[in-house]
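Numbering of residues begins at 1 and proceeds along the displayed sequence.
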Amino acid sequence: MSAPRGQFSSNIGFLMAAAGSAVGLGNIWGFPTNVAANGGAAFVLAYLVLAFLLAYPALMAELTIGRHARRNMVQALRGIATGPTSRFFGGLAGFGGIVVASLILSFYAIVAGWMVAHLVGPFASLAGAEGAVEWLTGNSTARNLTFTAIFSGMTMLIIASGVEKGIERWSTLLMPALIVLLLLLIVYVLTQPGAMQGLEAYLMPDFSLFSPQLMVSAMGQAFFSLSLGVGTMLIYGSYLSRQESLPRLGALVTLIDVGIAFTAGLLILPAMYVAQEAGTRIYADSGELIAGPGLILQVLPALFDTMGTAGLFVAIAFFALMVIASLTSSISMLEVPVAFAIENLNVPRRLATPLVGIIIFAISSVIIFNFDALFGLVVSASTEFGQPLLGVALCIFAGWIWRRDQLLAELREGHPGIEHTLFWKIWPWYVRIVCPLLILAAFVQSVM
Ligand code: PFF
């Protein structure tokens, strides 16, 4: 007998949860640093186009399959299969999603742990505990283990409370807070000397920088940012009521995600140039803008340091923003294996959550102890290989394997008359042919 399934209580609840999954470190850190590394506004433009032309259709595939099946990715893909072969591949892709979601969480929790440590740092500073500040903002194994454990614990607490009381309640609380913090920080940074130069670097496109590599990076960014391929959106779709229009909700999630990434650029790039004005180096020896961890963990803290006591509060606001963004994303990743354990292994949620959470924390610990060898490897295996290949599998299931009449029936729920819309004229062909081909082309380009 299976446990009763959770459900989002309203479409706003779903929207906050799905947008919360999408909006994360990928928006506030990944997107602006990609912009910095790929020639400013040319990347912004490529990203906007790919988010709507590629990521949105793939998102729709996940949401529709999930809401139809009302099950986790393994059972959902097996359920829409039409014979033993497709059932086998459905199960395989479903397991792949669970493994890749867990791997993404294992490195994501480490990075989010850094954010929690940097959030605690200013409080220690206000308390005059300078030794503690050094430990918190240094880079020791003990610090990393401690804060990965704290962040993983927070993720588990929310997931253990279930869909409505955990995921929905916390996302609805945290997402507005995220937007307010982001806007306050932008207003503050834009009034500082040097900010306008950063805005210019962000918003003036240099089209000579368009290249296949730029398009591949933009596609990877869009896929990661919309949490695609690994079944997070599928499982959130499975908790969604049949009264809501899927194409409309999917479009809103995409808009919020893209909107917040774009808005985060208005904070991060100007902040870099403000830091330069205040005497911090923002160009690496190679002559490129510092991107990677150095940007968030060195350039910005150096900037906050130059601001005196006000800097402590700006640092608190900034790292609180990062922690909130991470948490609403990490819960969606943990929900993928937890839902599988609940539905396929019949383990109750309150037990499944710590069990799965501890296994993933163990993986994070192995990465922390072998950071140089494993961190980059896990990031690229999960996001450069796992996500695109599973994305192709999901498009193939939605476009080729699932019976078209069932697909249409599911989309009609909450959107009567959808068969007469432009969406229905384009999308089925799109997920069938354009999406898999584009994703594969970009994948081949990136591995070569
Ligand atoms: N979308 C999240 C971000 O932009 O940070 C990352 C993410 C969440 C990726 C969930 C994958 C996932 F399943």
Side-chain angles (χ1 to χ4, degrees), residues 25-26 29-59 61-62 89 92-93 95-97 99-101 103-104 106-108 111 205-231 261 284-294 367 370-400 430-448:
L25 295 172
W29 179 341
F31 177 75
T33 50
N34 253 319
V35 173
N38 287 291
F43 183 86
V44 179
L45 217 65
Y47 177 73
L48 290 181
V49 171
L50 285 172
F52 284 99
L53 290 192
L54 188 68
Y56 169 67
L59 170 67
E62 280 201 40
F89 281 106
L92 195 68
F95 275 117
V99 171
V100 175
L103 283 179
I104 295 180
S106 72
F107 78 76
Y108 205 84
V111 179
D206 178 352
F207 290 111
S208 67
L209 291 165
F210 259 121
S211 65
Q213 195 44 47
L214 181 142
M215 296 304 280
V216 171
S217 306
M219 193 201 85
Q221 175 64 34
F223 243 71
F224 184 74
S225 189
L226 273 168
S227 313
L228 294 177
V230 297
D285 290 336
S286 58
E288 284 169 1
L289 276 172
I290 295 176
I367 298 175
N370 303 281
F371 194 85
D372 292 339
L374 288 185
F375 185 80
L377 189 70
V378 175
V379 173
S380 86
S382 54
T383 63
E384 285 164 27
F385 286 81
Q387 272 192 295
L389 291 180
L390 290 166
V392 171
L394 279 158
C395 290
I396 289 176
F397 266 84
W400 293 91
Y430 214 86
V431 269
R432 203 168 196 195
I433 295 167
V434 183
C435 280
L437 284 181
L438 270 180
I439 300 170
L440 277 178
F443 175 72
V444 170
Q445 165 84 19
S446 79
V447 291
M448 307 236 292

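Atom OG of S286 is separated from atom CD of E288 by 4.5 Å, given to the nearest 0.5 angstrom. The CG atom of L25 sits 15.0 Å away from the CZ atom of F31 when rounded to the nearest 0.5 Å.
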Side-chain donor-acceptor contacts of residues 431-448 below 3.5 Å, not counting sequence neighbours, with atom names and distances?
| unit_1 | atom_1 | unit_2 | atom_2 | d |
| --- | --- | --- | --- | --- |
| R432 | NE | G399 | O | 3.1 |
| S446 | OG | F443 | O | 3.0 |

Pair up each side-chain donor or acceptor in residues 378-392 with any protein partner under 3.5 Å, not counting sequence neighbours, and list the distances.
| unit_1 | atom_1 | unit_2 | atom_2 | d |
| --- | --- | --- | --- | --- |
| S382 | OG | V378 | O | 2.7 |
| S382 | OG | V379 | O | 3.3 |
| T383 | OG1 | V379 | O | 2.7 |
| Q387 | NE2 | L228 | O | 2.7 |

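The two residues L50 and M219 have their closest heavy-atom pair at CD1-N, 3.6 Å. Residues F210 and A46 come closest through the heavy atom pair CE2-CB, 3.9 Å. A42 and D206 get closest at one heavy-atom pair: CB-O, 3.6 Å.
By the 30° and 60° cut-offs, the orientation of the rings of F107 relative to F224 is parallel.
Between Y430 and C395 there is no side-chain heavy-atom pair separated by less than 4.5 Å. The side-chain heavy atoms of I367 and S106, taken from C-beta on, include a pair separated by under 4.5 Å. Contact annotation: the side chain of F89 approaches that of L92 to within less than 4.5 Å [non-hydrogen atoms, C-beta and beyond].
A centroid separation of less than 6.0 Å is found between the aromatic rings of F375 and F371.
For residues 30-45, the pairs satisfying side chain to side chain donor-acceptor pair (under 3.5 Å) are N34-N38, N34-Q221, with sequence neighbours left out.
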